[in-house]
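Here the structure comes first, spelled out in structure tokens, and everything after it is commentary.
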Amino acid sequence: MSEIAIQFEHVSKRFRLGENFDSLRDLVPALVRQTFGRSPAATKVEREFWALKDICLTVQKGETLGVIGHNGAGKSTMLKHLAGIMVPSKGRIDVSGRLSALIEVGAGFHQDLTGRENVFLNGVILGMTRAEVARKFDEIVEFSGLDAFIDTPVKRYSSGMYARLGFAVAAHLDPDILVIDEVLSVGDFVFQQKSLQKMRNIATGGATVLFVSHNLKAVSDLCSRTVLMDAGTIVADGPTAGVIQTYLAREREKLGETRSVDVAIQSVILRNIKGSAVHFRPGDKAWVDVNFKANRLSEKLAVVLQILDEGLGDLFNTSSERLGHPSITLGAGESHTITFELDMHLANGTFHIAVYLFRYDLQREFDKVFPAATFFVDSEVDVRGGANLYPKVVNALIT
Amino acid sequence: MTPDSEVIQASESEIRIARESTPSRSPRQAVGRTARVLRDLLFVLTARDIKIKYKQSMMGFLWAILMPTIIVGAGMLIRVAMSKMSGMPLPTDSLASMAVKSLPWAFFIGAIRFATSSLTSNANLVTKINCPRIAFPISAVLSSMFDFGIAILPLIVILAWYGITPSLALLWVPVILVLLLLLVSGLGIALAAANLFFRDVKYIVEVVLTFAIFFTPVLYEAEMLGEWQFWVLLNPLAPLLEGLRSAVVLNVAPDLGWLLYSGIVSAVIFAGGWLLFHKLEPAFADSV
């Protein structure tokens, strides 16, 4: 059963930066100079940049793989290689099955053409025949929800409508392998959910799905396995939860918080009743263990715990002192652990925890760790915003 | 499962054959599907270019005959001046000959110009989607052909006005047009690829096309050059234009020797353009 869908064998990609001859006006004089030996150094020095370095990756048929990493880590370059848009400088890529890649939603749409014309144009450019597009046309339009605007030129569409139509076409390609690059950042919340659901259906339908996103929650919801890329290499590969933790840990190091020399937070652990966790359901109990150590005498410390939403908005914060815990004084070399208990009455989404040490009498902030942890709340209750107040409609009288 | 979805299932290893490791269940179906996808891609891209050009329909149709009209107008002026100077009368078929040759000439320069920038103007598709890129320059040529078709209507009126009637020699026209298409496509795909790597190719093409009319018998007949006509006919486009004039205006078969020469050169250019294009294609996305 475990057939291989995608295999990268030691794939590397070199780009030449700047300094390239991109016009004959520059190239011809340079060649002449070189030929007549007036200045042998006429060949411009090429600066190289390896966008992918020795990538090895095997994806089984039917697997759903997430790809995460910074901007510039090589994620999109890897996808472009997979899609056959780029060719590796070294190594080899094997793809078995019909592959569809959605690198950009609505790439190839023409502004002056109507939605209908663009569905055909885009569908064929993405690899369908006109007959196939015609057969799926109604389905595509229905999915996009743009029935009323299908004969309007797309230049009059909002960016959300544009994205919906683009995704709708791509979602109906019926590929064996679907490659999607960060397309859920556009469109409204409802359409994002719909798109995710569609991708889940494609995945459960037996297709192999590769999903690149900065939306860690979406990756976590959709993908059982995830690879983390950094500087053109795969630095982590495994079950999604673990890889996301690795990613966040690396982020934290890179952020290079101004660490206090006097007292330092050693670790922050978010756990549920079973142990370390990233997924919670609204109302679940959660515990946050904050361990910190003093390098010299540190007096009257309080621990502040903050929860931020995905846009880094402050949703909630509290401190040990405000909760009635006496201030903490540590001698040199002493360490202390404090545990907060929380009820996660949060809405569906991604949240970050920040922790810092604070002295109320001096109003001074000591060591701060952000994000100390990131977690996801999974909920079927359709509420937006930060909190889940468990709404119900209990009375609907027509008067 | 409809029979059609079965076809899609079966055509696993199409398009990216070189990158496939699993043999498809039915290579024949796969090849058939690849061909259909390419055909449909050419269709939608050509339709796109035509639709956009003709969106403001009146200007679009005028555009198709504007270029040939200007060419013929300029040619008449020169020919009248030449006949005054030499004291020789203007041949009666001058206008008809120029009109017949101005159409393929306008197609030639329009198609070359459009094809040359076809990859750079579709840069977004070249870098974001893996589709057969050869479709871009070829559809540019095909959509220019549409203008050609439109302009044939007023041409028929002019020919009828001069009392030129159809004859069996017209059977040569499709043959010549196929050779013309081969030549234009070959140049177009080579120039499109070159323009992606050297952005000033487009300007060089512009300059060459501006002066090429002097080296091509559009406003004059090759035979007017006497023993020099050999050199003009070396231009592979020249025997094609002269051949069209023979078939349409003079109602005789074209010079078969020169037509053969043109055909061979066109085929070589097409094969060369095709090879160049496919050799450079892997580096396209890196260079845009």
Side-chain angles (χ1 to χ4, degrees), chain A residues 3-5 7 13-16 20-28 80-89 92-104 107-114 117-118 120-133 135 153 174-176 181, chain B residues 2 4-5 7-16 18-24 30 33-45 47-49 51-53 55 122 124-133 135 194 196-204 281-287:
Chain A
E3 277 178 275
I4 292 170
Q7 186 152 35
K13 178 65 174 183
R14 180 183 57 214
F15 284 122
R16 296 171 211 277
N20 244 337
F21 295 111
D22 62 356
S23 72
L24 291 171
R25 194 186 60 193
D26 295 340
L27 178 67
V28 172
K80 284 184 175 180
H81 280 77
L82 188 54
I85 297 167
M86 285 182 174
V87 177
S89 308
R92 109 187 214 119
I93 301 166
D94 285 313
V95 175
S96 113
R98 194 152 90 91
L99 180 144
S100 291
L102 189 56
I103 308 278
E104 186 184 291
F109 272 12
H110 197 286
Q111 295 294 319
D112 288 327
L113 299 180
T114 65
E117 290 166 329
N118 271 309
F120 277 90
L121 178 64
N122 206 233
V124 173
I125 289 173
L126 288 170
M128 285 192 265
T129 64
R130 282 194 298 143
E132 285 164 21
V133 181
R135 203 167 339 112
D174 284 348
D176 301 323
D181 190 3
Chain B
T2 62
D4 269 300
S5 62
V7 172
I8 300 164
Q9 292 281 320
S11 59
E12 278 184 349
S13 72
E14 38 85 67
I15 304 181
R16 284 162 289 276
R19 311 190 311 125
E20 292 293 352
S21 55
T22 321
S24 72
R33 187 169 193 283
T34 309
R36 263 180 296 146
V37 167
L38 181 60
R39 183 200 63 193
D40 285 0
L41 186 59
L42 282 174
F43 182 91
V44 293
L45 289 176
R48 176 192 72 172
D49 291 340
K51 269 185 205 156
I52 290 156
K53 204 163 172 187
K55 266 266 139 109
N122 285 299
N124 198 30
L125 294 178
V126 172
T127 54
K128 304 271 163 62
I129 293 172
N130 180 20
C131 56
R133 274 79 169 246
L196 203 61
F197 293 93
F198 302 110
R199 295 304 165 85
D200 50 357
V201 164
K202 171 166 87 227
Y203 303 115
I204 297 167
E281 192 172 4
F284 280 179
D286 302 357
S287 300

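What you see is a predicted model, and the numbers here were worked out from it, not measured in a lab. Convention: sequence-line order gives letters A, B, ...; per-chain numbering from 1.
- Contacts between B:L196 and chain A at a heavy-atom distance below 4.5 Å are absent for every atom of the residue.
- Of the atoms belonging to B:F43, it is side-chain heavy atoms, and not backbone ones, that fall under 4.5 Å from chain A.
- No other option in A:R130, A:K80, A:M86, A:E117 has as many heavy-atom pairs under 4.5 Å with chain B as A:R130.
- For the pair A:P88 and A:H81, the minimum side-chain heavy-atom distance is below 4.5 Å.
- Contact of B:L41 with chain A is made through backbone and side chain together, with heavy-atom distances under 4.5 Å.
- Looking at B:R133, only its side chain comes within 4.5 Å of chain A, counting heavy atoms on both sides.
- The closest donor-acceptor contact from the side chain of A:D181 to the backbone of A:E104 lies at 3.5 Å or more, if one exists at all.
- Residues forming a salt bridge (Lys or Arg N to Asp or Glu O under 4.0 Å) with B:D200 (at least two apart in sequence, or on another chain): none.
- A heavy-atom distance below 4.5 Å is found between the side chains of A:V95 and A:L82.
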Which donor-acceptor pairs under 3.5 Å do the side chains of residues 120-129 of chain A make with protein atoms, sequence neighbours left out?
{"residue": "A:N122", "atom": "ND2", "partner": "A:A107", "partner atom": "O", "Å": "2.8"}
{"residue": "A:T129", "atom": "OG1", "partner": "A:E132", "partner atom": "N", "Å": "3.2"}

